[in-house]
Amino acid sequence: MMRVEAHPNRVVSLKYLAPDAVDAYLTQCGDRVACVVGYGSRPVATTKSGRPVLWVDTPVLGGDAAYEVWTSNKAVTQYQDGLMTGAGNEDIFFGCLSFENNAKDDLNEVALRAFSGIFEFLQRGNYSNLIRVWNYFPEINAIENDMERYRSFSIGRHEAFVRYQQKVEDSPAACALGSHGGPLVIYFLAARSPGLQIENPRQISAYSYPNQYGPRSPTFSRATLAFQDEAQTLFISGTASILGHETVHPASVGLQTRETLVNIRAVIEQAVLKGFAPVDIASDLALKVYVRHAEDFAEVLGIIREEFGAVSELMVLQADICRVDLLVEIEAVCWRRAR
Ligand code: 3EB
């Protein structure tokens, strides 16, 4: 079998793959595979070849299922401890957690437990810098015990940041989306070297949102610039049609998509001001797109192609977004332009 050479300048690389392509790619990457996440409505525990998969129950638009595969440019060692599985090497660690959210547990308790586990792991080990966190859980906009579940989640997450003395300004890049069922699923990237937090001048920092969006602000940065020199990688949080702290264009998925792409460009521009090399959108960008209503898929994709051209890595999921008036959210990873 042909081996896929590691991209020498990429500490982590990302591919979005259809189910029929994932096993060949995993074989080609061998011991450099650090994290495999699966999406779709029919959960699977492993790929066909037996590689464990962290499953997120969200429909894939343009396919039945899809896989997100993270590799490193150096071999990783697999890790398992209690509720966390993962893989890492001397530079990076990917961790995966799933928490059943029984009716008797408030989601804020579950989120507190989850993030406490993450911070304890980070403080014990060699990877003290949380770079990027992905959060998925069902019924994100549902009201439970008089509180929207996203807001409950934000309370528990915030409490963990306080207990483990994390400054909110150092929050990782993140996203939080509604799955169709299953547990609270969290996966994260941590690194040995610190990242640089990037904010968007068009938006108030999420950790400073006024409390009309919930009693505790979400703890995330707009982006994290990770790794040094040629390996610089920008992890852009879930980005939406928000200006200041307010949702704009609540009734138009097309305008929301355009505003979101302007916000993504603004975040990249801020990173460039802080020393990131300009990005070649066609070859150095991966986009993961969430649309609230599946029927908006074609319109959203059309606008992305119009604005950004043929993005090499792109996946579109149907998911609920954490504000009821948001119809689309887009996250991105940008690698430094090869010279
Ligand atoms: C926003 O900008 C849209 O709670 O982790 C984006 C990214 C959003 C991350 C999170 C929420 C989160 O506020 C929502």
Side-chain angles (χ1 to χ4, degrees), residues 56 58 97 107-108 110-112 114-115 118-119 130-141 147-161 166 168-179 184-189 195 197-224 234-250 253 256-267 270 287-292 317 319-333:
V56 180
T58 51
L97 301 135
L107 183 59
N108 69 37
V110 183
L112 171 60
F115 279 87
I118 292 172
F119 290 130
L130 193 52
I131 302 291
R132 177 57 163 107
V133 184
W134 289 260
N135 304 288
Y136 300 92
F137 53 92
E139 305 281 356
I140 191 167
N141 301 129
M147 173 95 65
E148 185 190 34
R149 276 167 55 82
Y150 173 63
R151 297 176 183 206
S152 282
F153 170 83
S154 293
I155 293 172
R157 177 173 57 173
H158 186 274
E159 177 63 21
F161 276 71
Q166 305 287 311
V168 289
E169 297 79 11
D170 296 335
S171 293
C175 59
L177 283 305
S179 56
L184 165 64
V185 173
I186 300 178
Y187 64 101
F188 65 89
L189 169 63
Q197 269 58 42
I198 310 281
E199 290 299 302
N200 180 351
R202 306 179 84 240
Q203 300 182 316
I204 288 176
S205 295
Y207 45 75
S208 305
Y209 280 165
N211 63 12
Q212 71 196 79
Y213 305 104
R216 289 291 176 279
S217 296
T219 37
F220 71 95
S221 293
R222 297 300 175 187
T224 308
L234 184 66
F235 294 87
I236 301 180
S237 290
T239 304
S241 182
I242 294 174
L243 272 181
H245 59 77
E246 276 167 322
T247 301
V248 290
H249 324 298
V253 72
Q256 286 200 12
T257 305
R258 290 183 195 280
E259 197 72 54
T260 298
L261 297 178
V262 173
N263 277 328
I264 287 176
R265 285 192 197 274
V267 171
Q270 286 302 299
L287 292 183
K288 189 172 170 190
V289 180
Y290 305 93
V291 298
R292 182 183 289 278
L317 302 174
D320 289 340
I321 299 160
C322 64
R323 284 188 193 180
V324 286
D325 51 10
L326 289 174
L327 304 173
V328 59
E329 181 173 311
I330 304 176
E331 63 186 58
V333 182

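Each ligand, and each atom within it, is numbered from 1 in the order the structure gives.
- In this structure, Y209 and Y213 have tilted ring planes: the angle between them lies in the 30° to 60° band.
- Nearest heavy-atom pair across R149 and L107 is O-CD2, 3.2 Å.
- With salt bridges taken as basic N to acidic carboxylate O contacts below 4.0 Å, none links R323 and E329.
- Within 4.0 Å of ligand 1, heavy atoms belong to protein residues Y150, R157, A174, C175, A176, Y209, P218, F220, R222, G238, I242, C322, E329.
- The aromatic rings of Y136 and Y187 sit parallel, their planes meeting at an angle under 30°, below the 60° perpendicular limit.
- A donor-acceptor pair shorter than 3.5 Å can be found between the side chains of D325 and T247.
- A donor-acceptor distance shorter than 3.5 angstrom exists from the side chain of T239 to the backbone of S237, with no hydrogens or angles considered.
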